[in-house]
*Asks:* 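What follows is a structure written as C-alpha coordinates; I'll ask about it next.
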Amino acid sequence: MEKETESTVLGKMDIKSLTLQELTQELGARGEKSYRARQMYEWMHVRLARSFDEMTVLSKDFREECKKRYLYIVLRAVRIQESKIDGTKKFLFELADGSVVESVWMKYKHGNSVCISSQVGCRMGCRFCASTLDGLERNLTASEMLDQVYAITLLTGERVSNVVVMGTGEPLDNYENLVRFLKMLTDENGLHISQRNITVSTCGLVPQMRRLAEEKLQITLALSLHAPTDEKRRRLMPIANRYSIKELMEACQYYFGLTGRRITLEYSLAAGVNDTEEDAMQLTRLAKPLHCHINLIPVNPVKECHFQRTEALGIRAFQNILEKNEINGTIRREMGKDIDGACGQLRRRHMSALQDIGGNETC
Ligand code: SAH
(Lines give C-alpha, C1' and ligand atoms only; values in the text may rest on other atoms or scores of the structure.)
Protein backbone atom coordinates (compact mmCIF):
# COMPACT_ATOMS: atom_id res chain seq x y z
CA MET A 1 0.00 0.00 0.00
CA GLU A 2 2.83 2.41 0.77
CA LYS A 3 3.79 2.33 -2.91
CA GLU A 4 0.47 3.85 -3.91
CA THR A 5 1.13 6.91 -1.80
CA GLU A 6 4.26 7.81 -3.70
CA SER A 7 4.27 10.02 -6.73
CA THR A 8 5.16 7.09 -8.92
CA VAL A 9 2.16 4.95 -9.81
CA LEU A 10 2.21 2.05 -12.28
CA GLY A 11 5.88 2.75 -12.94
CA LYS A 12 5.23 6.25 -14.25
CA MET A 13 5.62 9.51 -12.39
CA ASP A 14 2.32 11.09 -11.38
CA ILE A 15 3.03 14.53 -12.79
CA LYS A 16 -0.07 16.21 -11.39
CA SER A 17 1.08 15.49 -7.83
CA LEU A 18 4.30 17.48 -8.31
CA THR A 19 4.55 20.97 -6.83
CA LEU A 20 5.71 23.73 -9.17
CA GLN A 21 9.17 23.52 -7.66
CA GLU A 22 9.35 19.75 -8.17
CA LEU A 23 8.02 20.06 -11.71
CA THR A 24 10.64 22.69 -12.46
CA GLN A 25 13.34 20.32 -11.22
CA GLU A 26 11.91 17.36 -13.10
CA LEU A 27 11.68 19.18 -16.42
CA GLY A 28 14.94 20.99 -15.74
CA ALA A 29 16.71 17.63 -15.44
CA ARG A 30 15.53 16.98 -18.99
CA GLY A 31 16.97 20.24 -20.23
CA GLU A 32 13.75 22.27 -20.23
CA LYS A 33 13.75 25.93 -19.18
CA SER A 34 11.82 26.87 -16.04
CA TYR A 35 9.12 28.70 -18.02
CA ARG A 36 8.12 25.34 -19.53
CA ALA A 37 7.33 24.04 -16.05
CA ARG A 38 5.30 27.18 -15.31
CA GLN A 39 3.32 26.75 -18.52
CA MET A 40 2.63 23.12 -17.83
CA TYR A 41 1.71 23.78 -14.21
CA GLU A 42 -0.75 26.42 -15.32
CA TRP A 43 -2.33 24.07 -17.85
CA MET A 44 -2.71 21.37 -15.22
CA HIS A 45 -3.79 23.40 -12.20
CA VAL A 46 -5.42 26.59 -13.50
CA ARG A 47 -6.73 25.75 -16.95
CA LEU A 48 -7.53 22.23 -15.73
CA ALA A 49 -6.47 20.46 -18.92
CA ARG A 50 -7.75 16.88 -19.19
CA SER A 51 -4.74 15.62 -21.16
CA PHE A 52 -1.32 16.67 -22.45
CA ASP A 53 -2.95 17.07 -25.87
CA GLU A 54 -4.86 20.11 -24.67
CA MET A 55 -1.62 21.92 -23.82
CA THR A 56 -1.21 23.32 -27.28
CA VAL A 57 1.33 25.87 -26.12
CA LEU A 58 3.78 22.96 -25.82
CA SER A 59 5.28 21.43 -28.93
CA LYS A 60 3.76 18.21 -30.23
CA ASP A 61 7.01 16.31 -29.73
CA PHE A 62 7.27 17.45 -26.15
CA ARG A 63 3.68 16.43 -25.44
CA GLU A 64 4.29 12.98 -26.95
CA GLU A 65 7.39 12.59 -24.82
CA CYS A 66 5.39 13.56 -21.72
CA LYS A 67 2.69 11.01 -22.52
CA LYS A 68 5.31 8.28 -22.62
CA ARG A 69 7.01 9.37 -19.46
CA TYR A 70 4.27 10.55 -17.10
CA LEU A 71 0.96 9.49 -15.71
CA TYR A 72 -1.66 12.21 -16.18
CA ILE A 73 -4.36 11.67 -13.57
CA VAL A 74 -7.93 12.59 -14.52
CA LEU A 75 -11.02 11.28 -12.80
CA ARG A 76 -13.93 10.08 -14.88
CA ALA A 77 -17.46 10.72 -13.58
CA VAL A 78 -19.34 7.42 -13.82
CA ARG A 79 -22.43 8.65 -12.05
CA ILE A 80 -23.87 12.02 -11.08
CA GLN A 81 -26.89 12.45 -8.83
CA GLU A 82 -28.60 15.80 -8.34
CA SER A 83 -30.82 16.70 -5.42
CA LYS A 84 -34.19 18.11 -6.38
CA ILE A 85 -34.39 19.81 -2.99
CA ASP A 86 -31.29 21.97 -2.97
CA GLY A 87 -29.26 21.30 -6.13
CA THR A 88 -26.55 19.37 -4.30
CA LYS A 89 -24.71 17.05 -6.67
CA LYS A 90 -23.01 13.82 -5.81
CA PHE A 91 -20.31 12.54 -8.14
CA LEU A 92 -18.96 9.05 -8.35
CA PHE A 93 -15.51 9.12 -9.92
CA GLU A 94 -13.52 6.26 -11.36
CA LEU A 95 -9.77 6.24 -10.80
CA ALA A 96 -7.08 4.88 -13.12
CA ASP A 97 -7.04 1.50 -11.34
CA GLY A 98 -10.82 1.11 -11.55
CA SER A 99 -11.49 2.09 -7.90
CA VAL A 100 -14.29 4.55 -7.32
CA VAL A 101 -14.61 7.47 -4.91
CA GLU A 102 -17.39 9.93 -4.26
CA SER A 103 -17.42 13.70 -3.93
CA VAL A 104 -20.23 16.14 -3.23
CA TRP A 105 -20.87 19.62 -4.61
CA MET A 106 -22.99 21.97 -2.54
CA LYS A 107 -24.21 25.42 -3.41
CA TYR A 108 -24.33 27.94 -0.61
CA LYS A 109 -24.96 31.68 -0.55
CA HIS A 110 -21.31 32.31 0.24
CA GLY A 111 -20.06 30.13 -2.64
CA ASN A 112 -19.74 26.59 -3.89
CA SER A 113 -18.36 23.95 -1.63
CA VAL A 114 -16.90 20.57 -2.55
CA CYS A 115 -16.59 17.66 -0.15
CA ILE A 116 -13.82 15.31 -1.25
CA SER A 117 -12.70 11.81 -0.34
CA SER A 118 -9.16 11.22 0.91
CA GLN A 119 -8.96 7.41 0.70
CA VAL A 120 -10.61 4.54 -1.15
CA GLY A 121 -12.52 3.11 1.80
CA CYS A 122 -11.40 3.66 5.38
CA ARG A 123 -9.93 1.59 8.20
CA MET A 124 -11.16 3.61 11.17
CA GLY A 125 -14.26 1.48 11.73
CA CYS A 126 -16.65 4.13 13.11
CA ARG A 127 -19.82 2.20 13.88
CA PHE A 128 -22.27 4.58 12.17
CA CYS A 129 -20.29 5.19 8.97
CA ALA A 130 -20.90 3.52 5.60
CA SER A 131 -17.44 4.37 4.24
CA THR A 132 -15.62 2.03 6.55
CA LEU A 133 -17.75 -1.09 6.12
CA ASP A 134 -15.41 -2.68 3.57
CA GLY A 135 -12.19 -1.42 5.12
CA LEU A 136 -9.40 0.52 3.45
CA GLU A 137 -8.41 -0.18 -0.16
CA ARG A 138 -5.76 2.47 -0.59
CA ASN A 139 -4.75 6.08 -0.05
CA LEU A 140 -5.56 8.70 -2.66
CA THR A 141 -2.66 10.58 -4.22
CA ALA A 142 -2.58 14.39 -4.12
CA SER A 143 -3.54 14.45 -7.80
CA GLU A 144 -6.59 12.28 -7.15
CA MET A 145 -7.73 14.63 -4.40
CA LEU A 146 -7.04 17.70 -6.55
CA ASP A 147 -8.83 16.27 -9.54
CA GLN A 148 -12.05 15.79 -7.57
CA VAL A 149 -12.10 19.59 -7.27
CA TYR A 150 -10.93 20.14 -10.86
CA ALA A 151 -13.37 17.70 -12.47
CA ILE A 152 -16.28 19.17 -10.51
CA THR A 153 -15.26 22.70 -11.50
CA LEU A 154 -15.34 21.64 -15.13
CA LEU A 155 -18.55 19.61 -14.86
CA THR A 156 -20.50 22.33 -13.06
CA GLY A 157 -18.87 25.22 -14.93
CA GLU A 158 -18.66 27.07 -11.61
CA ARG A 159 -15.78 28.11 -9.41
CA VAL A 160 -15.28 26.20 -6.18
CA SER A 161 -14.58 28.45 -3.21
CA ASN A 162 -14.69 26.02 -0.28
CA VAL A 163 -13.29 22.53 0.10
CA VAL A 164 -14.05 20.16 2.95
CA VAL A 165 -12.15 16.91 3.36
CA MET A 166 -15.10 15.04 4.84
CA GLY A 167 -15.86 12.39 2.26
CA THR A 168 -14.72 8.80 2.45
CA GLY A 169 -11.49 8.16 4.31
CA GLU A 170 -9.53 9.45 7.26
CA PRO A 171 -7.44 12.32 5.86
CA LEU A 172 -4.87 12.22 8.64
CA ASP A 173 -4.32 8.51 7.92
CA ASN A 174 -3.05 9.70 4.52
CA TYR A 175 -1.02 12.54 5.96
CA GLU A 176 1.73 13.20 3.37
CA ASN A 177 -0.63 13.18 0.41
CA LEU A 178 -3.15 15.31 2.27
CA VAL A 179 -0.66 18.05 3.12
CA ARG A 180 0.70 18.01 -0.43
CA PHE A 181 -2.87 18.36 -1.71
CA LEU A 182 -3.61 21.24 0.69
CA LYS A 183 -0.47 23.11 -0.31
CA MET A 184 -1.11 22.66 -4.02
CA LEU A 185 -4.81 23.57 -3.83
CA THR A 186 -3.97 26.81 -2.05
CA ASP A 187 -0.84 27.61 -4.09
CA GLU A 188 -1.05 30.96 -5.87
CA ASN A 189 0.16 29.23 -9.04
CA GLY A 190 -2.79 26.83 -8.94
CA LEU A 191 -6.50 27.27 -8.16
CA HIS A 192 -5.41 29.41 -5.21
CA ILE A 193 -8.29 28.50 -2.93
CA SER A 194 -7.97 30.34 0.36
CA GLN A 195 -6.66 28.18 3.21
CA ARG A 196 -9.35 29.69 5.40
CA ASN A 197 -11.96 28.13 3.13
CA ILE A 198 -10.69 24.60 3.69
CA THR A 199 -11.75 22.22 6.44
CA VAL A 200 -10.12 18.89 7.25
CA SER A 201 -12.16 16.53 9.40
CA THR A 202 -10.55 13.83 11.51
CA CYS A 203 -11.79 11.06 13.78
CA GLY A 204 -8.96 12.12 16.08
CA LEU A 205 -5.47 10.87 15.26
CA VAL A 206 -3.64 12.81 17.94
CA PRO A 207 -0.02 12.71 16.65
CA GLN A 208 -1.11 13.80 13.17
CA MET A 209 -3.33 16.57 14.59
CA ARG A 210 -0.26 17.92 16.34
CA ARG A 211 1.85 17.55 13.24
CA LEU A 212 -0.76 19.39 11.20
CA ALA A 213 -0.72 22.21 13.75
CA GLU A 214 3.00 22.53 13.14
CA GLU A 215 2.45 22.99 9.40
CA LYS A 216 0.86 26.29 10.45
CA LEU A 217 -1.70 26.27 7.68
CA GLN A 218 -4.73 28.50 8.07
CA ILE A 219 -7.18 25.68 7.49
CA THR A 220 -9.97 24.67 9.87
CA LEU A 221 -9.54 21.42 11.75
CA ALA A 222 -12.77 19.59 12.53
CA LEU A 223 -12.74 16.85 15.13
CA SER A 224 -15.42 14.17 14.94
CA LEU A 225 -16.14 13.88 18.63
CA HIS A 226 -19.66 12.38 18.69
CA ALA A 227 -19.54 11.49 22.39
CA PRO A 228 -18.59 13.43 25.51
CA THR A 229 -16.98 10.59 27.50
CA ASP A 230 -14.32 8.03 26.59
CA GLU A 231 -16.60 5.17 27.53
CA LYS A 232 -19.37 6.31 25.21
CA ARG A 233 -16.98 7.27 22.44
CA ARG A 234 -15.37 3.84 22.50
CA ARG A 235 -18.75 2.33 21.71
CA LEU A 236 -19.03 4.49 18.58
CA MET A 237 -15.45 4.87 17.39
CA PRO A 238 -12.68 2.28 17.75
CA ILE A 239 -10.08 5.07 17.56
CA ALA A 240 -11.25 6.10 21.05
CA ASN A 241 -9.45 3.02 22.37
CA ARG A 242 -6.20 4.56 21.16
CA TYR A 243 -6.61 8.22 22.18
CA SER A 244 -8.52 9.63 25.12
CA ILE A 245 -10.74 12.70 24.97
CA LYS A 246 -8.24 14.43 27.25
CA GLU A 247 -5.47 13.85 24.67
CA LEU A 248 -7.81 15.06 21.91
CA MET A 249 -8.66 18.25 23.76
CA GLU A 250 -4.97 18.92 24.37
CA ALA A 251 -4.25 18.40 20.67
CA CYS A 252 -7.08 20.84 19.82
CA GLN A 253 -5.60 23.43 22.20
CA TYR A 254 -2.23 22.90 20.56
CA TYR A 255 -3.75 23.39 17.11
CA PHE A 256 -5.45 26.60 18.16
CA GLY A 257 -2.30 27.80 19.91
CA LEU A 258 -0.13 27.41 16.82
CA THR A 259 -2.58 28.44 14.10
CA GLY A 260 -5.06 30.74 15.84
CA ARG A 261 -7.80 28.82 14.04
CA ARG A 262 -10.91 27.93 15.97
CA ILE A 263 -11.61 24.19 16.12
CA THR A 264 -14.87 22.67 14.94
CA LEU A 265 -16.31 19.77 16.91
CA GLU A 266 -18.55 17.48 14.89
CA TYR A 267 -21.31 15.84 16.89
CA SER A 268 -23.74 13.47 15.13
CA LEU A 269 -26.77 12.79 17.27
CA ALA A 270 -28.15 9.26 17.51
CA ALA A 271 -31.37 8.65 19.42
CA GLY A 272 -30.74 7.29 22.90
CA VAL A 273 -27.01 6.97 22.26
CA ASN A 274 -25.41 10.39 22.72
CA ASP A 275 -28.30 12.85 22.79
CA THR A 276 -29.36 13.12 26.44
CA GLU A 277 -29.32 16.22 28.61
CA GLU A 278 -26.38 14.77 30.49
CA ASP A 279 -24.48 14.30 27.21
CA ALA A 280 -25.11 17.95 26.37
CA MET A 281 -23.87 19.07 29.79
CA GLN A 282 -20.73 16.95 29.50
CA LEU A 283 -20.11 18.28 26.01
CA THR A 284 -20.46 21.80 27.37
CA ARG A 285 -17.76 21.15 29.92
CA LEU A 286 -15.40 19.82 27.26
CA ALA A 287 -16.04 22.71 24.90
CA LYS A 288 -15.77 25.52 27.45
CA PRO A 289 -11.99 25.80 27.62
CA LEU A 290 -11.60 25.33 23.86
CA HIS A 291 -11.97 27.97 21.20
CA CYS A 292 -14.44 25.92 19.28
CA HIS A 293 -17.65 25.76 17.39
CA ILE A 294 -19.92 22.71 17.54
CA ASN A 295 -21.75 21.31 14.53
CA LEU A 296 -24.76 19.22 15.42
CA ILE A 297 -26.16 16.85 12.84
CA PRO A 298 -28.67 14.02 13.11
CA VAL A 299 -26.98 10.71 12.40
CA ASN A 300 -27.65 9.57 8.89
CA PRO A 301 -29.13 6.09 9.11
CA VAL A 302 -27.02 3.46 7.35
CA LYS A 303 -28.72 0.12 6.76
CA GLU A 304 -25.92 -1.96 8.27
CA CYS A 305 -25.41 0.26 11.31
CA HIS A 306 -28.69 0.34 13.28
CA PHE A 307 -28.56 3.91 14.53
CA GLN A 308 -31.64 6.11 14.55
CA ARG A 309 -31.50 9.85 14.15
CA THR A 310 -32.45 12.19 16.98
CA GLU A 311 -35.61 14.05 16.00
CA ALA A 312 -35.56 17.77 15.27
CA LEU A 313 -37.04 18.73 18.66
CA GLY A 314 -34.42 16.69 20.49
CA ILE A 315 -31.63 18.32 18.53
CA ARG A 316 -33.05 21.75 19.29
CA ALA A 317 -33.21 20.89 23.02
CA PHE A 318 -29.58 19.69 22.88
CA GLN A 319 -28.54 22.91 21.18
CA ASN A 320 -30.42 24.98 23.78
CA ILE A 321 -28.36 23.46 26.56
CA LEU A 322 -25.18 24.37 24.72
CA GLU A 323 -26.45 27.89 24.13
CA LYS A 324 -27.46 28.43 27.75
CA ASN A 325 -23.88 27.61 28.62
CA GLU A 326 -22.56 30.01 26.02
CA ILE A 327 -21.27 27.34 23.67
CA ASN A 328 -21.60 28.00 19.99
CA GLY A 329 -23.57 25.21 18.34
CA THR A 330 -25.04 25.11 14.86
CA ILE A 331 -27.52 22.56 13.64
CA ARG A 332 -26.06 21.67 10.29
CA ARG A 333 -28.41 21.90 7.37
CA GLU A 334 -28.53 18.53 5.68
CA MET A 335 -27.75 18.84 2.02
CA GLY A 336 -28.88 16.44 -0.67
CA LYS A 337 -31.11 14.40 1.64
CA ASP A 338 -32.77 12.75 -1.33
CA ILE A 339 -29.53 11.47 -2.92
CA ASP A 340 -27.86 8.72 -0.88
CA GLY A 341 -27.14 11.16 1.94
CA ALA A 342 -24.64 9.40 4.17
CA CYS A 343 -21.06 9.51 3.12
CA GLY A 344 -19.96 6.31 1.42
CA GLN A 345 -23.45 5.12 0.53
CA LEU A 346 -23.35 6.02 -3.15
CA ARG A 347 -20.07 4.20 -3.57
CA ARG A 348 -21.37 1.13 -1.76
CA ARG A 349 -24.50 1.04 -3.89
CA HIS A 350 -22.39 1.34 -7.00
CA MET A 351 -20.05 -1.47 -5.91
CA SER A 352 -22.88 -3.86 -5.11
CA ALA A 353 -24.54 -3.01 -8.42
CA LEU A 354 -21.26 -3.83 -10.14
CA GLN A 355 -21.17 -7.20 -8.43
CA ASP A 356 -24.77 -7.88 -9.46
CA ILE A 357 -24.23 -7.18 -13.14
CA GLY A 358 -20.69 -8.40 -13.55
CA GLY A 359 -18.77 -5.16 -13.56
CA ASN A 360 -20.26 -3.29 -16.49
CA GLU A 361 -22.18 -0.48 -14.92
CA THR A 362 -21.59 2.95 -16.36
CA CYS A 363 -23.71 6.01 -16.67
N1 SAH B 1 -12.62 10.41 8.73
C2 SAH B 1 -12.97 11.77 8.92
C3 SAH B 1 -13.72 12.41 7.78
C4 SAH B 1 -14.75 11.63 7.05
S5 SAH B 1 -16.36 11.46 7.72
C6 SAH B 1 -13.70 11.96 10.23
O7 SAH B 1 -13.96 10.99 10.90
O8 SAH B 1 -13.95 13.11 10.60
C9 SAH B 1 -17.06 13.07 7.81
C10 SAH B 1 -17.99 13.26 9.00
O11 SAH B 1 -19.20 12.52 8.84
C12 SAH B 1 -17.40 12.79 10.32
O13 SAH B 1 -17.73 13.69 11.34
C14 SAH B 1 -18.09 11.46 10.53
O15 SAH B 1 -18.05 11.06 11.86
C16 SAH B 1 -19.48 11.78 10.02
N17 SAH B 1 -20.32 10.65 9.65
C18 SAH B 1 -19.97 9.51 9.04
N19 SAH B 1 -21.05 8.72 8.87
C20 SAH B 1 -22.09 9.40 9.38
C21 SAH B 1 -23.48 9.12 9.50
N22 SAH B 1 -24.00 7.96 9.07
N23 SAH B 1 -24.25 10.05 10.07
C24 SAH B 1 -23.74 11.21 10.51
N25 SAH B 1 -22.46 11.54 10.44
C26 SAH B 1 -21.62 10.63 9.87
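Counting starts at 1 for both ligands and their atoms, following the listed order. Values in this document were obtained by computation on a predicted structure and should not be read as measured data.
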*Asks:* For Ser268, take its heavy atoms, then give the atoms of ligand 1 lying under 4.0 Å from any of them.
*Replies:*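 Numbered from 1, ligand 1 contributes 24 (C), 25 (N).
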*Asks:* Does ligand 1 have an atom under 4.0 Å from some heavy atom of Gly169?
*Replies:*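 It does; at least one heavy atom falls under 4.0 Å.
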*Asks:* Is the closest basic N to carboxylate O distance between Lys90 and Glu102 below 4.0 Å?
*Replies:*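 Yes, charged N to carboxylate O under 4.0 Å.
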*Asks:* Is Arg235 salt-bridged to Glu231, cutoff N-O under 4.0 Å?
*Replies:*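 A salt bridge links Arg235 with Glu231.
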*Asks:* With a heavy-atom distance limit of 4.0 Å, tell me whether Val302 approaches ligand 1 through its side chain, its backbone, both, or neither.
*Replies:*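 Answer for Val302: side chain.
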*Asks:* For atom 4 (C) of ligand 1, state which one of Gly167, Cys129, Ser201 supplies the nearest heavy atom.
*Replies:*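 Looking at heavy atoms only, Gly167 sits closest to atom 4 (C) of ligand 1.
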*Asks:* Considering the heavy atoms of Cys203, write down every atom of ligand 1 situated less than 4.0 Å from one of them.
*Replies:*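 Those atoms are 6 (C), 7 (O), 8 (O).
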*Asks:* Please work out, at 4.0 Å between heavy atoms, whether the side chain, the backbone, both, or neither of Glu170 comes within that distance of ligand 1.
*Replies:*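 Under 4.0 Å from ligand 1, Glu170 contributes backbone and side-chain atoms.
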*Asks:* Taking heavy atoms and a distance under 4.0 Å, where does His226 meet ligand 1: side chain, backbone, both or neither?
*Replies:*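 It is the side chain that touches ligand 1; the backbone stays farther off.
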*Asks:* Using a strict cut-off of less than 4.0 Å between a Lys/Arg side-chain nitrogen and an Asp/Glu carboxylate oxygen, indicate whether Asp279 and Lys232 qualify as a salt bridge.
*Replies:*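 Looking at Lys232 together with Asp279, the answer is yes, because their closest N to O distance falls below 4.0 Å.
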*Asks:* Take the angle between the ring planes of His45 and Tyr41 and call it parallel below 30°, perpendicular above 60°, tilted in between.
*Replies:*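 His45 and Tyr41: tilted rings.
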*Asks:* Who pairs with Asp53 by salt bridge (charged side-chain N to carboxylate O under 4.0 Å, His left out), at least two apart in sequence or on another chain?
*Replies:*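 Once residues adjacent in sequence are excluded, the partners of Asp53 under the salt bridge (charged side-chain N to carboxylate O under 4.0 Å, His left out) criterion are Lys67.
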*Asks:* Just checking, Arg63 and Phe52: is the charged tip under 6.0 Å from the six-membered ring centre and within 45° of the axis?
*Replies:*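 That pair does not qualify as a cation-pi contact.
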*Asks:* Using non-hydrogen atoms of the residue, decide whether Thr202 is closer than 4.0 angstrom to ligand 1.
*Replies:*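 Distance cut 4.0 Å: Thr202 passes for ligand 1.
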